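Remarks on the structure that follows.
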Protein chains: 2
Amino acid sequence: MKDSNTAVQYFNLFDIDKATTTKEKILYTALDLFSKLGYHGVSIREITRNVGIKESSLYNHFRSKEEILECILHSFRREFATVLPPIDRLDEILAYSTIDSFLQKGIEVFKMHFEHQVYEKVWRIIYTEYFRHSLAKEIFLNDMISNMLSFLETVFTKAMATGKVKEGNPRVMAAEYQYPVFAMLAEYNVLKFNNEDTTQIQQTITDHIDYFLESIKR
Amino acid sequence: MKDSNTAVQYFNLFDIDKATTTKEKILYTALDLFSKLGYHGVSIREITRNVGIKESSLYNHFRSKEEILECILHSFRREFATVLPPIDRLDEILAYSTIDSFLQKGIEVFKMHFEHQVYEKVWRIIYTEYFRHSLAKEIFLNDMISNMLSFLETVFTKAMATGKVKEGNPRVMAAEYQYPVFAMLAEYNVLKFNNEDTTQIQQTITDHIDYFLESIKR
DNA sequence: GTCTATACGAGGATAGAC
DNA sequence: GTCTATCCTCGTATAGAC
């Protein structure tokens with residue numbers, strides 16, 4: 001057993017090719033299996049068999065199965081924090097873009113994120129564990145929903161001030177824009193996971209953005 | 001073992017007081033535990049311990065743990081089908097209600113449904129298993145999303161024809177109305193499950209409905 | 001329909017040799 | 001840091017007595 005008074009370590013899960021150490025291999029393998037079968041649906045044996053080590057070796061890197069999940073979610077949370085542009089650069093960004101292109105760009109980033117070979121797996125874990133795992137819940141409620149809404153509220157407030165969108169409640173606007181995206185992306189993810197056709201839901205997302213942009217025009 | 005060539009039996013899960021037979025007790029206990037800990041997080045031993053029977057007795061009622069889940073989802077699906085009013089009664093209903101009161105009524109029914117002591121547990125199972133269980137996925141994609149959208153599309157088409165809402169694409173309207181509700185209810189459920197404050201999200205739902213109704217006025 | 005008894009592999013985790 | 005060996009509980013499921 002290693003130092004047991006240290007907090008869970010962070011890992012850059014982004015670049016899958018960097019999975020060279022045993023610890024990283026364990027993380028990627030666990031992530032992959034958890035995302036397919038759920039945390040409780042995966043055993044230590046299964047993880048180590050896939051990594052190519054014995055069960056006992058795993059405990060050189062993690063104190064428990066729970067710690068593996070903890071580490072995955074922790075690392076993810078840290079990287080997810082960089083998805084939104086910093087608030088203090090917002091004026092600058094908004095100055096040279098229309099609200100249309102800004103939101104369009106946002107959706108692209110969001111979609112890329114959800115389609116990323118590593119992130120999409122973490123999202124699946126978050127989606128399926130947020131009732132049972134407090135960190136998954138936190139990420140879902142705070143990092144995703146709450147932060148996203150606050151960010152958009154700021155955006156719409158600023159855009160309103162410069163006359164880029166019509167007057168209204170920026171909080172409601174943020175909700176009207178973002179909540180449908182959450183639900184549509186959830187549907188998109190399920191379909192994609194099951195290798196079913198996603199053209200319709202992708203069109204629905206596009207339709208939503210168009211409809212929304214039209215509705216906030218001055 | 002019982003007749004093994006029969007399909008999974010239906011149960012009226014709605015009325016919890018009717019849980020008198022052992023089979024029903026097993027169903028309710030399993031439902032409760034599955035909804036809290038997830039399907040894989042619950043063992044046959046735990047179910048039977050809570051019911052007050054031995055493991056072996058359970059196999060007199062169900063062939064496997066999987067069959068219990070199957071039975072729960074099956075029964076739920078059947079009852080969920082009665083939530084929406086039949087299409088052929090729609091003209092009649094719409095004749096004596098405004099679109100406002102119609103949607104308001106719909107939200108009430110929906111909310112009651114999601115807050116029902118039994119249904120809310122099934123929904124939690126569906127939410128957490130739809131990536132891994134095909135029936136859960138079907139209920140989520142077809143019975144909830146797809147049916148709901150088709151229903152609303154019909155409603156808006158009819159309402160448009162009688163001049164109750166402004167012209168537009170009824171499919172897009174249905175999506176704009178319903179998808180936010182899905183996402184907001186998901187958030188509401190998580191908060192409620194964790195005994196956290198739900199006033200804000202409830203207000204968000206109300207705001208959404210108001211905003212939407214305003215936007216489709218003629 | 002329920003019980004006791006039992007089977008046996010899967011499950012998380014550890015001790016200690018190398 | 002990895003291995004072998006081991007621990008003991010959990011997990012699903014069955015046989016057969018009552």
Side-chain angles (χ1 to χ4, degrees), chain A residues 1-6 8-9 11 18-73 125 128-129 132-133, chain B residues 1-6 8-9 11 18-73 125 128-129 132-133:
Chain A
M1 202 191 323
K2 307 242 296 254
D3 240 5
S4 50
N5 60 344
T6 48
V8 175
Q9 213 185 319
F11 274 84
K18 284 188 181 157
T20 47
T21 69
T22 303
K23 185 154 187 169
E24 285 166 337
K25 278 185 199 155
I26 293 170
L27 281 172
Y28 279 105
T29 307
L31 170 60
D32 186 55
L33 293 171
F34 287 163
S35 78
K36 276 191 247 166
L37 306 163
Y39 177 73
H40 288 294
V42 178
S43 67
I44 297 279
R45 285 206 226 278
E46 209 168 348
I47 296 170
T48 54
R49 198 182 335 115
N50 275 275
V51 173
I53 55 170
K54 296 294 168 188
E55 292 100 290
S56 54
S57 300
L58 184 140
Y59 291 92
N60 263 308
H61 305 282
F62 298 96
R63 267 168 296 171
S64 66
K65 185 179 152 189
E66 171 63 25
E67 202 188 63
I68 301 175
L69 177 58
E70 214 74 35
C71 185
I72 289 171
L73 292 178
I125 296 177
T128 53
E129 304 294 337
R132 292 183 289 277
H133 198 283
Chain B
M1 200 190 329
K2 307 243 294 251
D3 240 5
S4 50
N5 61 341
T6 48
V8 175
Q9 214 183 318
F11 274 83
K18 284 189 182 156
T20 48
T21 68
T22 303
K23 183 152 188 170
E24 284 164 340
K25 278 184 198 154
I26 293 170
L27 281 173
Y28 279 105
T29 307
L31 171 59
D32 187 55
L33 293 171
F34 287 163
S35 78
K36 276 190 247 167
L37 307 163
Y39 177 74
H40 288 293
V42 178
S43 66
I44 297 279
R45 280 207 228 276
E46 210 169 346
I47 296 170
T48 54
R49 198 182 337 114
N50 275 276
V51 172
I53 56 169
K54 297 294 168 189
E55 293 100 290
S56 55
S57 299
L58 184 140
Y59 292 92
N60 262 308
H61 305 282
F62 298 96
R63 267 168 297 171
S64 66
K65 185 178 151 189
E66 171 63 25
E67 201 189 65
I68 300 175
L69 176 59
E70 212 75 36
C71 184
I72 290 171
L73 292 178
I125 296 178
T128 55
E129 304 295 336
R132 292 182 288 279
H133 197 282

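In what follows, chains carry the letters A, B, and so on, assigned in the order in which the sequence lines appear, proteins first and then strands, with residues in each chain numbered from 1. Small disclaimer: the values here were computed from a predicted structure and weren't measured.
- In this structure, A:Tyr59 reaches the C:dA13 phosphate: one of its side-chain N or O atoms is under 4.0 Å from OP1 or OP2.
- Counting to the nearest Å, the P atom of D:dC10 and the CD1 atom of B:Ile47 are 15 Å from each other.
- Residue contacts shown for B:Val51 are absent, as no nucleic acid heavy atom lies under 4.0 Å away.
- Across every non-hydrogen atom of A:Phe62 and A:Glu67, the tightest pair is CA-OE1, 3.3 Å.
- Between B:Leu58 and B:Val51, every side-chain heavy-atom pair lies at or beyond the 4.5 Å cut-off.
- Taken from CD1 in B:Ile26 to OG1 in B:Thr48, the straight-line distance is 8.5 Å, to the nearest 0.5 Å.
- In this structure, A:Ile26 places its CD1 atom 10 Å from P of D:dG1, rounding to the nearest Å.
- Rounded to whole Å, atom P of C:dG12 lies 12 Å from atom NE2 of B:His40.
- Atoms NZ (B:Lys25) and P (C:dG1) sit 13 Å apart, rounded to a whole Å.
- Across the protein-nucleic acid pair, A:Ile44 atom CD1 and C:dT14 atom P stand 10 Å apart, rounded to whole Å.
- Among the nucleotides C:dA13, D:dT12, D:dG1, the one closest to the side chain of A:Ser64 is C:dA13.
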Sort me out a list of protein N/O and nucleotides 3-6 of chain D N/O pairs below 3.5 Å, or just none if empty.
residue	atom	partner	partner atom	Å
D:dC3	OP2	A:Lys54	N	2.9
D:dC3	OP2	A:Ser57	OG	3.0
D:dC3	N4	A:Ser56	OG	3.1
D:dT4	O4	A:Ser56	OG	2.7

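- Evaluation of the side-chain hydrogen bond (donor to acceptor under 3.5 Å, both in side chains) rule for B:Lys36 yields B:Asp32 as partners, not counting sequence neighbours.
- Between the CG atom of A:Leu58 and the C1' atom of C:dA15 there is a distance of 17 Å, rounded to whole Å.
- Taking atom CG of A:Leu33 as the reference point, atom P of C:dG12 lies 12 Å away to the nearest angstrom.
- Side-chain proximity of A:Ser43 to D:dA13, C:dG1, C:dG12: nearest is C:dG12.
- Nucleotide C:dA10 holds its P atom 11 Å from the CD atom of A:Glu46, rounded to whole Å.
- Between A:Arg49 and A:Glu46, none of the side-chain N atoms (NZ, or NE/NH1/NH2) sits under 4.0 Å from a carboxylate O, so this pair counts as no salt bridge.
- Under 3.5 Å, the side chains of B:Glu24 and B:His61 contain no donor-acceptor pair of N or O atoms.
- Residues B:Leu27 and B:Cys71 have side chains in contact (heavy-atom distance under 4.5 Å, counting atoms from C-beta outward).
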